[in-house]
Amino acid sequence: METFLFITTAIVAVGAALAMVLSSNAVHSALFLILNFCSVAILYFLLRAPFLGAVQVTVYAGAIMVLFLFVIMLLGAENAELGEEKIGWQKPAGLILGVALLAEIGYVAYRGTKLIDAPVADATNIGAPTTISAKLFSTYLLPFEVISILLLIAVVGTVVLTRRRVVAREERQS
Amino acid sequence: MISTNAYVLLSAILFTIGVVGVLVRRNVIIMFMSVELMLNSANLALIAFSRARAESDGQIMTFFVIAVAAAEVAVGLALLVSIFRAKKTTNIDDVNTLKG
């Protein structure tokens, strides 16, 4: 049962990722990426990380992708690539480099089996919200606080970047 | 029980699709979504290793990666909107003012 679920979800994830890269309409790309994030969330549940699966669905597939869709529709940037290609050999070169990268990662993962194929220990409770929060608020308290400052800086930076310069224009007129 | 190897292989495939997306596509928004795909595949590998070692540290790392990704998306999309206001385009080939 677990194997069947893994294989199905993996096929859906890879297919959605490929469709995301290949589709010409950016809105379709965003929807395929949501499908990919949801299938990866199912894999998180399979890996005994229910808290992170829930966070993946709410934060990634929910908040972040809604932001993406909002910006795509705000800018009307569904088909931004209609002009001619500036560098003709870019697509084949990108594909060859991608295949080379996959071969490299596969080789390292295959050769490093001692590292990866360690016996899977009993990991029943590692993903429970209680376990995660106990570690988050003791061992990882400092990174947690740094992340909160980072989010605050991101909010301020976003406001500064998208602010229209209304004040300056009014001063020039007066 | 699915082996950790299978998860790492799936993560590598998703990461490669993300890299090819950044290299091949010219729409800035789709390139940005490919970067998100790469972050997500790294998260998958982290959680697989977390299960293999039976410790929750990898999952906490993933939690931080998701938070940083949220901040990155907010700032990146704000940059995109302000570039679009100045240049009226989201094609990366048209944004080459810094080129000498």
Side-chain angles (χ1 to χ4, degrees), chain A residues 2-3 6 10 13-14 17-18 20-21 26 29-30 33 37 40 43-44 47-49 52 55 59-60 63-64 67-68 71-72 75 77 80-81 83 86 91 94-95 97-98 101-102 105-106 109 116-118 120-123 126-127 131-132 135-136 140 143 147 150-151 154 157-158 161-162, chain B residues 1-10 12-21 23-30 32-34 36-37 40 44 47-48 50-57 59-60 62-64 66-71 73-75 77-82 84 89-91 93:
Chain A
E2 198 188 342
T3 316
F6 173 76
V14 172
L18 279 175
M20 189 274 282
V21 170
S29 285
L33 193 57
F37 284 163
V40 171
L43 291 178
Y44 288 178
L47 282 167
R48 297 189 176 75
L52 276 167
V55 167
V59 175
Y60 252 124
I64 293 182
L67 202 58
F68 263 109
V71 169
I72 293 170
L75 301 185
E81 295 167 298
K86 294 227 167 126
K91 279 185 182 176
L95 275 179
L97 287 176
L101 179 69
L102 183 61
I105 300 178
I116 290 175
D117 238 2
V120 179
D122 179 42
I126 55 165
T131 324
I132 297 220
K135 257 198 167 153
L136 198 60
Y140 293 95
I147 284 286
L150 176 82
L151 284 170
T158 308
L161 277 171
T162 52
Chain B
M1 181 75 81
I2 312 289
S3 73
T4 312
N5 252 332
Y7 282 104
V8 173
L9 186 65
L10 176 65
I13 292 172
L14 288 177
F15 190 88
T16 310
I17 295 173
V19 170
V20 171
L23 289 178
V24 166
R25 297 304 301 262
R26 296 292 87 196
N27 189 340
V28 187
I29 295 178
I30 294 181
F32 206 15
M33 288 197 278
S34 304
E36 294 303 310
L37 187 65
N40 205 45
L44 184 61
I47 292 189
S50 160
R51 186 194 63 165
R53 296 181 54 82
E55 284 168 7
S56 52
D57 300 66
Q59 299 191 11
I60 292 169
T62 305
F63 186 72
F64 288 146
I66 290 177
V68 172
V73 164
V75 174
L77 287 176
L79 274 173
L80 250 169
V81 169
S82 76
F84 187 82
T89 181
T90 54
N91 190 325
D93 281 338

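So that the names make sense, note that chain A is the first sequence line, chain B the second, and so on, each numbered from 1. All values reported here derive from a predicted model rather than from experimental measurement.
With a 4.5 angstrom heavy-atom cutoff, I47(B) touches chain A via backbone and side-chain atoms both. With a 4.5 angstrom heavy-atom cutoff, I105(A) touches chain B only via side-chain atoms. L79(B) touches chain A through backbone and side chain together, each having a heavy atom under 4.5 Å away. Interface residue F6(A): only side-chain heavy atoms are found under 4.5 Å from chain B. When heavy atoms are compared at a cutoff of 4.5 Å, V19(B) approaches chain A solely by way of its side chain, counted from C-beta outward. Both the backbone and the side chain of F63(B) have a heavy atom closer than 4.5 Å to some heavy atom of chain A. Contact annotation for L75(A): both backbone and side-chain heavy atoms come within less than 4.5 Å of a heavy atom of chain B. Using a 4.5 Å cut-off between heavy atoms, F15(B) touches chain A through its side chain atoms alone.
V71(A) is listed as a side-chain neighbour of V81(B), based on a closest heavy-atom distance under 4.5 Å. The side-chain heavy atoms of L44(B) and L47(A), taken from C-beta on, include a pair separated by under 4.5 Å.
For chain A, the option among V73(B), L9(B), D57(B) with the highest count of heavy-atom pairs below 4.5 Å is D57(B). Among L95(A), I64(A), L97(A), the residue making the largest number of heavy-atom pairs under 4.5 Å with chain B is I64(A).
In this structure, F37(A) and Y60(A) have tilted ring planes: the angle between them lies in the 30° to 60° band.
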Given L43(A) and L10(B), is the side chain to side chain contact (heavy atoms under 4.5 Å, CB included) satisfied, shown in steps?
CA-CA 11 Å; L43(A) 291 178; L10(B) 176 65; 3.3 Å; yes
